[in-house]
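Notes follow the structure.
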Amino acid sequence: MQGFWIFCNGIIGLIIEWIDNDFKQSPAYMGDQLIQILNFHTPKFYLKDR
């Protein structure tokens with residue numbers, strides 16, 4: 001479920017940045033960025049013992 005919240009934060013951050021920058025990027029560019037966020041995944045990660 002944590003992955004869901006990472007996607008939500010990424011999408012919300014993308015929209016906020018777009019608004020804060022007065023919509024300088026085109027909607028097509030923003031759509032591409034959204035697709036990159038949705039396609040992001042981390043195949044493996046390792047936890048180190050302390």
Side-chain angles (χ1 to χ4, degrees):
M1 192 70 173
Q2 182 181 1
F4 171 77
W5 294 114
I6 292 170
F7 285 125
C8 289
N9 287 333
I11 293 167
I12 291 168
L14 178 72
I15 294 168
I16 290 171
E17 283 295 314
W18 194 37
I19 293 168
D20 286 347
N21 289 310
D22 297 321
F23 305 99
K24 289 181 184 174
Q25 302 295 338
S26 71
Y29 174 81
M30 297 307 289
D32 289 340
Q33 294 300 303
L34 177 60
I35 290 169
Q36 287 185 20
I37 290 170
L38 295 174
N39 284 329
F40 177 80
H41 71 282
T42 303
K44 285 186 180 181
F45 65 92
Y46 300 93
L47 298 175
K48 292 170 61 174
D49 290 329
R50 291 183 180 205

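Quick note: residue numbers are just sequence positions, from 1.
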- Item | Apart from Ile35 itself, residues in the same hydrophobic cluster as defined by side-chain heavy atoms under 4.5 Å | none
- By side chain to side chain contact (heavy atoms under 4.5 Å, CB included), Ile16 pairs with (sequence neighbours left out) Ile12, Asp20
- Can you sort out the partners of Ile11 under side chain to side chain contact (heavy atoms under 4.5 Å, CB included), two or more places apart, ordered by chain and number? Ile15, Leu34, Ile37, Leu38
Side chains of residues 24-33: which donor-acceptor pairs under 3.5 Å do they make with residues two or more places apart or in other chains?
unit_1 : atom_1 : unit_2 : atom_2 : d
Ser26  : OG     : Tyr29  : N      : 3.0
Tyr29  : OH     : Gln33  : NE2    : 3.4

